[in-house]
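Everything on this sheet refers to the single structure shown next.
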Amino acid sequence: MTPDLQLALELAEKAGKLTLDYFGRRSLQVFSKRDDTPVTEADRKAEELIRQGISAKFPGDGLFGEEFNERPSGNGRRWIIDPIDGTRSFIHGVPLYGVMIALEVDGVLRLGVINFPALGELYHAEIGAGAFMNGSSVQVSAIAETAAATVVFTEKEYLLDPPSTHPVDLLRSSAGLVRGWGDCYGHMLVASGRAEVAVDKIMSPWDCAAVIPIVTEAGGCCFDYRGRRSIIDGEGLVSANRSMGEALIEAIGKGERAR
């Protein structure tokens, strides 16, 4: 385990404990951001904790988080932070929220850590070293048949949008089980073999930076709605096991070429 990963795990656990102090509290303060998405005092305090911890250890590293302005990198290293992914779940007392930390070096994602403090699940991965949950190795499933697949999604638009021929959208009617277990939790269901595909039609870099190393190191693949692999600024994010992911990417490519 590298010092980078050790720090990320330590800060994700500390920030997770901080969020639990606010979780389920009726007096929790909730604010609206400029884009009308909610933010709580817990989001802000958790990100401050993570930023301070990184700055103390690596003062030259960049910081890019959801709640505060970006600090540019002076050395090609940038930490990408989402203090509470699934803020709406957090506000409503649903335990499927995660603290997310990723490290990007020279434009390449090197590690991801996601802590689900209310569930007691801590995922991590470094490129080339495998993916783990609570210290035990995790892998994606081997299911290749759509009728046997579990597909999870975040935004209600995945079900409510008009009919679509996009390969990912077709899964909403053809998959064996379709459920709204969303945000980073859904992608970790894929990484741990408990779901085959997770879909986010709306995505920001901090929402997916930690997801990508974990899913890929678990044997899966991540791509956007245009079939572009492992990018943090694409058109949404889809994570999938290897069999279904490769088939979806191929089908998306055929559709793109036919336009």
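Keep in mind that the numbers below use all heavy atoms, side chains included, and drop hydrogens, waters and symmetry copies.
No more than 12 heavy atoms of other residues, nucleotides or ligands shown are found within 6.0 angstrom of NZ on Lys57. Within 6.0 Å of the CD atom in Gln139, the count of heavy atoms belonging to other residues, nucleotides or ligands does not exceed 12.
Sorted by first then second residue, the side chain to side chain donor-acceptor pair (under 3.5 Å) pairs that include residues 83-96, not counting sequence neighbours, are Asp43-Thr87. Residue pairs satisfying the salt bridge (charged side-chain N to carboxylate O under 4.0 Å, His left out) criterion with at least one member in residues 16-27, sequence neighbours excluded, are absent. Counting only residues at least two apart or on different chains, the side chain to side chain donor-acceptor pair (under 3.5 Å) pairs with a member in residues 140-152 are Ser141-Glu196, Ser141-Asn241. Residue pairs meeting the ring-ring contact (aromatic ring centres under 6.0 Å, His included) criterion with at least one partner in residues 29-67, sequence neighbours excluded, are Phe64-Trp206. For residues 234-253, no residue pair satisfies the ring-ring contact (aromatic ring centres under 6.0 Å, His included) rule, not counting sequence neighbours.
One distance of note links CH2 of Trp79 with CG of Asp61; it measures 7.0 Å at 0.5 Å rounding. Here the straight-line distance linking atom SG of Cys222 with atom CD1 of Ile232 works out to 12.5 Å at 0.5 Å rounding.
Looking at Glu41 and Leu28, their side chains come closer than 4.5 Å, going by heavy atoms from C-beta outward. By the 4.5 Å heavy-atom criterion applied to side chains, Leu63 and Ile54 are counted as neighbours. Side-chain contact between Cys208 and His187 is absent, with no heavy-atom pair separated by less than 4.5 Å. Ile84 has its side chain within reach of Thr19: a pair of non-hydrogen atoms, C-beta onward, lies under 4.5 Å apart. With a 4.5 Å cut-off on side-chain heavy atoms, Asp106 and Arg77 do not count as touching. Within the 4.5 Å cutoff, the side chain of Glu67 has no heavy atoms near those of the Glu48 side chain. Between Lys14 and Leu49 the shortest side-chain heavy-atom distance falls below 4.5 Å. Two residues are said to be in side-chain contact when any heavy atoms from C-beta on lie closer than 4.5 Å; His166 and Ile252 meet this criterion.
Under the 6.0 Å cut-off for aromatic ring centres, Phe90 and Phe23 qualify, their centroids lying closer than that. Aromatic ring centroids of Tyr185 and Phe116 lie under 6.0 Å apart.
Using a 3.5 Å distance cut-off with no hydrogens or angles, the side chains of Thr2 and Asp4 do not pair a donor with an acceptor. No side-chain donor from either of Tyr123 and Asn115 sits under 3.5 Å from a side-chain acceptor of the other.
The backbone N or O of Gly234 lies less than 3.5 Å from no partner atom in the side chain of Asp224, so there is not a single donor-acceptor pair. Glu217 contributes a side-chain N or O that, together with a main-chain N or O of Ala129, makes up a donor-acceptor pair within less than 3.5 Å. Remark: side-chain polar atoms of Arg172 are paired, donor with acceptor, to backbone N or O of Tyr158 under 3.5 angstrom.
Think of Val140 as one node in a network of Ile, Leu, Val, Met, Phe, Trp and Tyr side chains linked at under 4.5 Å; its network also takes in Val190.
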